[in-house]
There are 4 protein chains.
Amino acid sequence: MFQLDVRSRKPIYEQLVDKIKEAIIHKILKPDEQLPSVRMLSSELTVNPNTIQRAYRELEQQGYLYSIKGKGNFVAQIEQMPANLAFDELKTDLQKLIAEAIYLGLTKEDLLHIYQEAMIQTRGEKN
Amino acid sequence: MFQLDVRSRKPIYEQLVDKIKEAIIHKILKPDEQLPSVRMLSSELTVNPNTIQRAYRELEQQGYLYSIKGKGNFVAQIEQMPANLAFDELKTDLQKLIAEAIYLGLTKEDLLHIYQEAMIQTRGEKN
Amino acid sequence: MFQLDVRSRKPIYEQLVDKIKEAIIHKILKPDEQLPSVRMLSSELTVNPNTIQRAYRELEQQGYLYSIKGKGNFVAQIEQMPANLAFDELKTDLQKLIAEAIYLGLTKEDLLHIYQEAMIQTRGEKN
Amino acid sequence: MFQLDVRSRKPIYEQLVDKIKEAIIHKILKPDEQLPSVRMLSSELTVNPNTIQRAYRELEQQGYLYSIKGKGNFVAQIEQMPANLAFDELKTDLQKLIAEAIYLGLTKEDLLHIYQEAMIQTRGEKN
DNA sequence: GTGGTCTAGACCACA
DNA sequence: GTGGTCTAGACCACG
């Protein structure tokens, strides 16, 4: 379900956070959909349950998931997101990255192209 | 010369890499300009020489600096940069970041605004 | 009758305890008034009867309810409440919370304002 | 240094969070003061290092601490606190608690008395 | 069966 | 020496 690289310098739990976040953003995972249980995903990815838990906890704090003891973890609604603090931070990161890309030759057309691609991805599947 | 935040959770060597990269991108440091010696910068920032060394090494690997034994470290020409491996990677990162931002409500206008800002920064000082 | 949030990280039985306690404090439920039976409330809230049972048990222990076998659960008189053990504990909690709020910038005026609001709530409806 | 109750229903890491927060609020721990290292506190309290870590991480996220890899954990400045979201939540909690206390007989004088005590505590030692 | 906490102990990254 | 990550495996709380 999620491809991990155990050899990467990036922590496993962080890779998992990114992958799940991506799935939510791309609407592969829909609001209120249940995620695999900690134990299931743990054995599927051959990763310790604690590590999965940590990823889920992280995503909960960032507002992408909500967790119910005894029931499972679920995708949060966007509107419930604490947003805004994270959003401003994101914009700063974006500006730095774009400045660097411009230095390396990125044109306005390149950027608009990337934007279009991103738009398509976040539109999700029809259903 | 470079402002470091010892309280940040980002490692000092990484902060330094970012700051120098930024200075190069913003054309505060020009191609072939010499950087301060490890010792100098070390005492100026009151940071362990190893940490400075590591930052320079990192920047050299990324192609932003070149070093001449016995002379020092210098800003690389853009053309000398290890082609577009880094650039392609950057574009992938950019797309991920933009997708996330769109999910959190970023509009096309926001993006173009950020682009304009970045353009101004990378234009460098007149001289 | 009682609004529960299944998405909350607070256990359902605990939410129920809080809601009922609140209704008693705000005098929406009056002393000696009968509460809905476990079965009724269970089906109304679509919640496991065990969960309701547990909430009632908890409230009985805290002295907010009394239960008569074969008849049901009833709101206790304040005077019947297990004296001031709970009250002293509450005052300790209150002091901790207020100290934290002061640290974060709470003023005396803020506190008095909050007190006024709480007074209005506990006055109950006229009837 | 910090008194824990391993038999309590409240998780150890949470108890520790509360105790440390209290120490910071009461200015027993001053801004930029270093906290005991994870290992030290771990052996002192005979609690697993992971548990201590978790408490420190929690406090960092809440803005009470900052952590530097290779150096240690330190008390944050109040001004750097993300505040406000937490503060509003705190006020809601406070109102609920005060309403309950009023129901159990709390008077305005009681409250002002508690406020005075809290003020004294948060003033810290003179130095 | 689900998430949450905890221990014991290993290994890595940073300064 | 410091924090950070991870594993293996146990036990508890919730519904």
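The sequence lines fix the lettering, A, B, ..., with proteins before strands; numbering per chain opens at 1.
When each of dT2(E), dG15(F), dA15(E) is scored by its nearest atom to the side-chain atoms of S37(A), the top-ranked nucleotide is dT2(E). Closest to the side chain of K69(D), out of dA15(E), dG3(E), dA13(E), is dA13(E).
Counting distance only, with no hydrogens placed and no angle test, the side-chain atoms of R57(D) and the base atoms of dG4(F) include no donor-acceptor pair under 3.5 Å. Counting distance only, with no hydrogens placed and no angle test, the side-chain atoms of R39(A) and the base atoms of dG3(E) include a donor-acceptor pair under 3.5 Å.
Phosphate proximity of dG4(E) to S67(A): present, with a side-chain N or O under 4.0 Å from OP1 or OP2. Within the structure, a side-chain polar atom (N or O) of Y13(C) is placed less than 4.0 Å from OP1 or OP2 of dC14(F).
Spacing between atom CD of Q34(D) and atom P of dG1(F) amounts to 14 Å, rounded to whole angstrom units. Atom C1' of nucleotide dT5(E) and atom CG of D5(D) are separated by 15 Å, given to the nearest angstrom. As rounded to whole Å, 12 Å separates atom P of dT2(F) from atom CG of L41(D). The nearest whole Å value for the distance from the CG atom in L59(A) to the P atom in dG4(E) is 12 Å. Between R7(D) atom CZ and dA13(F) atom P there is a gap of 15 Å when expressed in whole angstrom units. Atom P of nucleotide dG3(E) and atom CD of E58(A) are separated by 17 Å, given to the nearest angstrom. If you take CD1 of I12(D) and C1' of dC12(F), they are 13 Å apart, rounded to a whole angstrom. Rounded to whole Å, atom P of dA15(E) lies 15 Å from atom CG of N73(D).
The residues D5(C) and K10(C) are annotated as not salt-bridged, no charged nitrogen and carboxylate oxygen being separated by less than 4.0 angstrom. Comment: K96(C) does not engage D18(D) in a salt bridge, judged by the lack of any side-chain N to carboxylate O separation of less than 4.0 angstrom.
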Could you list the donor-acceptor pairs under 3.5 angstrom formed between side-chain atoms of residues 49-58 of chain D and any protein atom two or more places apart in sequence or on another chain?
unit_1 : atom_1 : unit_2 : atom_2 : d
R54(D) : NH2    : Y13(D) : OH     : 3.3
Y56(D) : OH     : P36(D) : O      : 2.7

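At a cut-off of 3.5 Å, with distance as the only test, no side-chain donor of K71(C) or Q34(C) sits close to an acceptor on the other residue.
For the pair K71(A) and K10(A), nearest-nucleotide mapping onto DNA chain F gives the more 5' position to K10(A). Between R9(A) and R9(C), it is R9(C) whose nearest contact on DNA chain E lies nearer the 5' terminus. Mapped onto DNA chain F by nearest heavy atom, E14(C) and M40(D) fall at different nucleotides, with M40(D) at the one closer to the 5' end.
L65(B) contributes atom CG, which lies 4.5 Å from atom CG of L59(B) (distance to the nearest 0.5 angstrom). Rounding to the nearest 0.5 Å gives a distance of 6.0 Å between CG of L16(A) and CG of L41(A). How far CD of Q77(A) is from OH of Y66(A): 7.0 Å, rounded to the nearest 0.5 Å.
Across all strands shown, the partner of dG3(E) is dC12(F), judged by Watson-Crick or G-U wobble contacts whose two distances both fall under 3.5 Å.
Looking only at side-chain heavy atoms (C-beta outward), E60(D) and R9(B) come within less than 4.5 Å of each other.
Using a 4.0 Å cut-off on heavy atoms, the residues of residues 42-54 of chain D that approach DNA chain E are V47(D), N48(D), N50(D), T51(D), R54(D), listed by number.
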